[in-house]
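Each remark here refers to the structure printed beneath this line.
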Amino acid sequence: MNIELKVEIEKLKNELNEKRRLLVKASTAVESLDRNHQEQINKVQKILIWK
């Protein structure tokens with residue numbers, strides 16, 4: 001395999017790893033937002049029950 005292809009393969013591997021890292025980060029953020037949203041819903045439901 002020539003050097004140009006090896007360089008391109010490494011570049012693509014690095015891009016893929018970066019995209020995977022960003023997906024994990026985004027997934028963690030969405031899960032956090034979902035938890036916060038659910039907590040807010042629970043608080044509102046408790047308030048409504050006490051009225």
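Source: prediction; values computed, not measured.
- Atom CG of Leu33 is separated from atom CD of Gln38 by 13.0 Å, given to the nearest 0.5 angstrom.
- In this structure the side chain of Ile41 never reaches within 4.5 angstrom of the side chain of Val44, judged on heavy atoms.
- Of the possible donor and acceptor atoms, one in the side chain of Thr28 sits under 3.5 Å from a partner among the backbone N and O of Val24.
- Asp34 contributes no side-chain N or O that, together with a main-chain N or O of Val30, makes up a donor-acceptor pair within less than 3.5 Å.
- With rounding to the nearest 0.5 Å, the separation of CD in Glu8 from CG in Asn2 is 11.0 Å.
- In this structure, Lys13 and Ile9 have side chains that are in contact, with non-hydrogen atoms separated by less than 4.5 Å.
- No side-chain heavy atom of Glu18 sits under 4.5 Å from any side-chain heavy atom of Glu15.
- For the atom pair Leu23 CG and Arg21 CZ, the distance stands at 10.5 Å (nearest 0.5 Å).
- For the atom pair Arg20 CZ and Leu16 CG, the distance stands at 4.0 Å (nearest 0.5 Å).
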